[in-house]
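Quick notes on the structure that follows.
Just so it is clear: chains get the letters A, B, ... in the order the sequence lines come, proteins before strands, and each one is counted from 1.
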Protein chains: 2
Amino acid sequence: MQPDRTKARILAATDALFGERGFDATSTRDIAERSGVNKALIHYHFHAKEDLLGVLLDGYYERLTVKLLTAFGQRPTLVEQVEDVLDAYADFLAQNRTFCSIVQREVASGRHVDRIVQGTLPVFQLATTWFAELTPNAVTAQELLHVLTSVYGMVVTYFTYGRVLHQLSGVDPFTDEALEARKLHVRRMVRLLFVELESRMSTDAGALS
Amino acid sequence: MQPDRTKARILAATDALFGERGFDATSTRDIAERSGVNKALIHYHFHAKEDLLGVLLDGYYERLTVKLLTAFGQRPTLVEQVEDVLDAYADFLAQNRTFCSIVQREVASGRHVDRIVQGTLPVFQLATTWFAELTPNAVTAQELLHVLTSVYGMVVTYFTYGRVLHQLSGVDPFTDEALEARKLHVRRMVRLLFVELESRMSTDAGALS
DNA sequence: ACGCGACTTGGGCGATCGCCTAAACCGAGT
DNA sequence: ACTCGGTTTAGGCGATCGCCCAAGTCGCGT
């Protein structure tokens with residue numbers, strides 16, 4: 001078998017196992033068995049187990065960044081652009097649910113935070129420049145961070161807590177219809193935010209109520 | 001030393017270690033060392049490592065539920081009650097940041113989901129009955145779940161992604177001032193939601209835009 | 001004083017961990 | 001035909017894992 005094919009098989013197995021069990025609960029032997037590859041090959045191709053996670057995360061963030069940056073800038077108004085990016089984000093998470101689990105766990109453990117910050121940085125900076133240009137003095141940097149955190153949380157929590165939501169509602173949250181409904185909900189919330197921002201800009205004053 | 005004191009020391013060390021490293025990355029020897037207790041005592045008092053996590057989670061959810069249910073019902077209007085509950089939730093997470101990390105990891109791994117669902121159930125049911133009484137036909141069950149997920153996500157994400165936010169903004173998100181600012185932001189978002197709900201009820205029709 | 005049950009202790013069992021070594025394999029270049 | 005570098009293999013090293021055992025200690029009722 002050509003080495004590229006081997007590396008791909010190892011990475012695929014790693015993704016599946018890290019996603020469902022987590023880094024610490026997965027042994028290199030598990031990965032070898034799942035990918036149908038000798039266990040020494042993992043260390044030959046990826047040096048250490050830790051590096052496997054690094055390569056995996058870097059790949060995810062590169063694909064995610066490309067997808068979000070291209071989703072941005074397709075439609076005229078800012079609201080529509082934001083909606084497109086959030087839709088693309090939701091689609092990405094739906095198609096890469098292991099990514100969501102892995103990041104959540106690593107952030108909780110404070111590991112690979114640098115890599116995760118670096119991965120989110122391009123989109124984060126794009127978002128901040130949007131608002132800096134569009135709402136020069138209506139939104140402070142602190143407030144913007146809160147808004148981004150909230151929107152991010154709304155999108156991501158739906159996927160991380162998928163199992164919990166399933167049990168609470170009895171409905172599978174990952175069917176196509178359910179995902180579309182979620183995206184619609186997020187769009188509504190974002191519209192509400194924008195309405196508030198615009199009204200604040202027109203009155204040229206801050207703070208709601 | 002009296003056994004209750006021993007069990008408390010073990011649980012405290014378990015909480016700290018599970019919180020910062022996670023269940024799988026923590027050994028019973030780590031717990032014994034941190035709590036200054038013989039390693040066999042852990043299995044004597046708590047049977048298995050897995051049970052430690054169970055006891056820990058049950059304790060957290062009991063305290064959380066009591067806190068949220070008492071926070072509810074102190075002020076006249078529904079908006080204020082919701083704000084109080086969310087403030088109490090944020091305070092609880094701020095004072096028990098390990099809880100947040102632990103739950104996030106376990107949910108990501110699909111472990112202890114039953115226990116977590118059971119723990120959130122009282123508050124979840126209270127929230128659903130609120131809206132069922134107050135907005136009988138303005139909000140569907142599906143839509144309510146989306147709203148609760150979003151609000152939950154807004155609150156929790158701030159704490160789980162504390163380290164990331166710190167690096168992105170350069171500001172410690174866990175100072176008293178920062179936490180108050182976060183609570184204020186969540187309150188604003190909830191107010192926006194309520195304004196939308198009320199307008200929908202007055203027009204007696206659904207769907208924004 | 002003494003026995004009994006609860007608690008604590010050091011030591012170690014078998015299993016599994018990440019990683020490494022030495023040898024075999026294999027296709028391309030000469 | 002034969003080297004040679006890249007790839008794959010079986011096997012095992014030392015460390016660590018969860019958990020258990022037999023003995024020891026302690027306080028308390030009698």
Side-chain angles (χ1 to χ4, degrees), chain A residues 1-59 98 101-102 105-106 108-112 115, chain B residues 1-59 98 101-102 105-106 108-112 115:
Chain A
M1 190 181 340
Q2 59 265 50
D4 286 350
R5 185 115 185 85
T6 303
K7 293 182 75 170
R9 290 172 65 96
I10 293 174
L11 269 184
T14 301
D15 176 49
L17 289 169
F18 283 2
E20 63 188 47
R21 304 182 196 174
F23 178 84
D24 297 310
T26 302
S27 70
T28 54
R29 283 165 175 84
D30 291 335
I31 298 172
E33 191 176 353
R34 177 99 140 211
S35 54
V37 140
N38 189 278
K39 63 182 157 65
L41 275 179
I42 293 168
H43 298 93
Y44 175 78
H45 282 294
F46 294 95
H47 192 57
K49 182 188 174 188
E50 193 74 29
D51 295 337
L52 264 175
L53 183 53
V55 171
L56 204 60
L57 282 177
D58 285 344
T98 53
S101 302
I102 292 170
R105 260 184 300 245
E106 296 309 311
S109 298
R111 302 182 299 197
H112 298 269
R115 180 174 266 111
Chain B
M1 193 185 331
Q2 58 267 48
D4 287 351
R5 185 112 188 85
T6 303
K7 293 183 75 171
R9 288 172 65 96
I10 292 174
L11 268 183
T14 301
D15 175 51
L17 289 169
F18 283 3
E20 64 189 46
R21 304 181 196 173
F23 178 86
D24 297 311
T26 302
S27 70
T28 54
R29 284 165 174 83
D30 291 336
I31 297 173
E33 191 177 353
R34 177 99 135 206
S35 53
V37 142
N38 188 279
K39 64 182 157 59
L41 275 179
I42 293 170
H43 299 92
Y44 175 78
H45 284 293
F46 295 95
H47 191 58
K49 183 189 174 189
E50 192 75 29
D51 295 336
L52 264 176
L53 183 53
V55 171
L56 203 62
L57 282 177
D58 285 343
T98 53
S101 301
I102 292 169
R105 261 184 298 243
E106 296 309 310
S109 297
R111 303 183 298 196
H112 299 270
R115 179 171 269 115

_Under 4.0 Å protein heavy-atom contacts per nucleotide of nucleotides 20-27 of chain D, with B for base, S for backbone only and - for none_ = BB------
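The side-chain hydrogen bond (donor to acceptor under 3.5 Å, both in side chains) check on B:Arg111 picks up B:Asp24, B:Glu106, with sequence neighbours excluded. Among residues two or more places apart in sequence or in another chain, the salt bridge (Lys or Arg N to Asp or Glu O under 4.0 Å) test is passed with A:Arg115 by A:Asp58. In this structure, A:Asp15 has no salt bridge (Lys or Arg N to Asp or Glu O under 4.0 Å) partners at least two apart in sequence or on a different chain. Residues satisfying the ring-ring contact (aromatic ring centres under 6.0 Å, His included) criterion with A:Phe46, sequence neighbours excluded, are absent altogether. Taking A:Ser35 as the reference, nothing meets the side-chain hydrogen bond (donor to acceptor under 3.5 Å, both in side chains) condition, with sequence neighbours excluded. With sequence neighbours excluded, the residues forming a side chain to side chain contact (heavy atoms under 4.5 Å, CB included) with B:Thr14 are B:Ile10, B:Phe18, B:Ile31, B:Leu52, B:Leu56, listed by chain and number.
Sorted by first and then second residue, the salt bridge (charged side-chain N to carboxylate O under 4.0 Å, His left out) pairs with a member in residues 33-53 of chain A read A:Glu20-A:Arg34; sequence neighbours excluded.
For C:dC7, neither phosphate oxygen OP1 nor OP2 lies less than 4.0 angstrom from any side-chain nitrogen or oxygen of B:Thr6.
How far CG of B:Leu57 is from NE2 of B:His112: 6.5 Å, rounded to the nearest 0.5 Å. Interatomic distance, B:Leu41 CG to B:Thr28 OG1, rounded to the nearest 0.5 Å: 11.5 Å.
Nearer the 5' end of DNA chain C, as judged by each residue's closest nucleotide, is the contact made by B:His45, out of A:Glu50 and B:His45.
For the pair A:Asn38 CG and C:dC25 C1', the computed distance is 13 Å after rounding to whole Å. Rounded to an integer number of Å, the gap from A:Tyr44 OH to D:dG6 P is 7 Å. One can place CZ of A:Phe46 at 12 Å from P of D:dT7, the figure rounded to the nearest angstrom. A:Asp51 has its CG atom 12 Å from the C1' atom of C:dC19, to the nearest Å. Put simply, CD1 on B:Ile10 is 11 Å from C1' on C:dT8, counting in whole angstrom units. Whole-Å rounding puts the A:Leu41 CG to D:dT7 P distance at 10 Å. At whole-Å resolution of the value, CG in B:Leu52 and P in D:dC17 are 15 Å apart. What separates CZ of B:Arg9 from C1' of C:dT8 is a distance of 14 Å, to the nearest Å.
Sorted by residue number, the members of residues 14-33 of chain B with any non-hydrogen atom under 4.0 Å from DNA chain D read B:Thr26, B:Ser27, B:Thr28, B:Arg29.
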